[in-house]
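Both counts, for ligands and for their atoms, begin at 1 and track the order of listing. Nothing fancy with the numbering, it's 1 onward along the sequence.
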Amino acid sequence: MDLGINGKVALITASSAGLGKNIAHALAAEGVNVVLFARSADKLRAIADDIAQAHGVKALAFPGDMLRADDVAALGAKIKADFGGLDILILNTGRAPNPLRATLDETEEERWHTAYRGQLWGAIQVANTMIPLISGRGWGRIVAITSASVKAPMPHHSLSTVFRAGMTAYIKHLANEVGALGITANCVAPALIDTSHRVGAAAYTPEQTQARKKMTPLGRMGTQEEVTGVATFLASQQAGFITGSSILVDGGMVGSLI
Ligand SMILES: NC(=O)c1ccc[n+]([C@@H]2O[C@H](COP(=O)([O-])OP(=O)(O)OC[C@H]3O[C@@H](n4cnc5c(N)ncnc54)[C@H](OP(=O)(O)O)[C@@H]3O)[C@@H](O)[C@H]2O)c1
């Protein structure tokens, strides 16, 4: 199926690894020119080179931090100068502070501030700068990566769930305000996705992986492609009448009917 986004321009934040990187690849495979943004400059440049070579699109690596206003402003200026504007904004973020703890043990103010900034404010700061670059074009797509924990909170995830819920609310408000400009805004809410690309303390232990497999009727972890496919669809022409929604990619973990 032709998704009708060939030649569009997408910014994918937090794209030096994992879901962000894979969403950039998936959009580029549809002929979308991509801008990659994360802090690890070398990784970002290598990914941009791979994407340009694999898909024949423009791939710009712009190293920076979503939490730094000056980095985000410089990114906006670069997109305006190089592409004249933006069509697709993928708001991916880093993970909540590690290790995760039970809610009653989340007593440190600093961890709550870190989670707020990392999971919510950074994405809002990027959106504030990028939406003016999308608005004049009569068409646009905003897709935020949140978490299925907004529907069914997972144990030890309150630092994530609280701010993912905030992001979900933000996207709903945004959808109501930008719809008249031809822009949709939606969330992809994953859970139990294979993250074997991660190493060290950030990776799941074999026991954690087993426990996660048991949380879904499918009895397995989801693949990165199963998330990136949904994000890419929400960026497509065909998804034009979906806005303000959260699409679960959770292997059926959330038990509610709707
Ligand atoms: N896997 C799942 O089952 C699952 C479920 C629900 C939600 N999620 C969420 O999906 C998102 C992506 O997950 P993942 O597994 O792909 O994570 P990951 O492998 O840890 O990658 C996180 C990315 O975020 C970037 N990043 C972190 N802080 C940043 C900052 N301040 N500014 C710019 N970039 C920043 C990192 O790059 P640099 O270090 O280079 O900046 C990296 O590219 C996370 O928010 C995660 O919580 C995942």
Donor-acceptor pair, side chain of N92 and main chain of A14, under 3.5 angstrom: yes
Identity and distance of the protein heavy atom lying nearest atom 20 (O) of ligand 1: R198 NH2, 2.7 Å
From the candidates D250, T93, I193, T195, the one that places a heavy atom nearest atom 3 (O) of ligand 1: I193
Minimum heavy-atom distance between Q238 and L3, given as atom pair plus value: OE1-O, 3.2 Å
Within 6.0 angstrom of D42 CG, more than 12 heavy atoms from elsewhere: no
Heavy-atom nearest neighbour in the protein, as seen from atom 11 (C) of ligand 1, with distance rounded to 0.1 Å: N92 OD1, 3.3 Å
Subset of ligand 1 atoms that lie under 4.0 Å from at least one heavy atom of G64: 33 (C)
Options D71, D42, D65, ranked by nearest heavy atom to atom 31 (N) of ligand 1, top entry: D65
Contact check: L19 vs ligand 1, nitrogen or oxygen atoms, below 3.5 angstrom: yes
A17-ligand 1 polar pair, N/O distance under 3.5 Å: yes
From the candidates T146, T161, I145, the one that places a heavy atom nearest atom 7 (C) of ligand 1: T146
Contact check: Q224 vs ligand 1, nitrogen or oxygen atoms, below 3.5 angstrom: no
Check: M66 N/O within less than 3.5 Å of ligand 1 N/O: yes
R111 side chain near L159 side chain, heavy-atom distance below 4.5 Å: yes
Atom 46 (C) of ligand 1 [closest protein heavy-atom partner, distance rounded to 0.1 Å]: R164 NH2, 3.5 Å
Q119, any N or O under 3.5 Å of ligand 1 N or O: no
Residues W112, F163; criterion side-chain contact (heavy atoms from CB on, under 4.5 Å); working and verdict: CA-CA 9 Å; W112 284 98; F163 301 110; 3.7 Å; yes
Side-chain heavy-atom pair I51, V34 within 4.5 angstrom cut-off: yes
Heavy-atom nearest neighbour of atom 22 (C) of ligand 1 within options S147, G94, A191, G20: G94
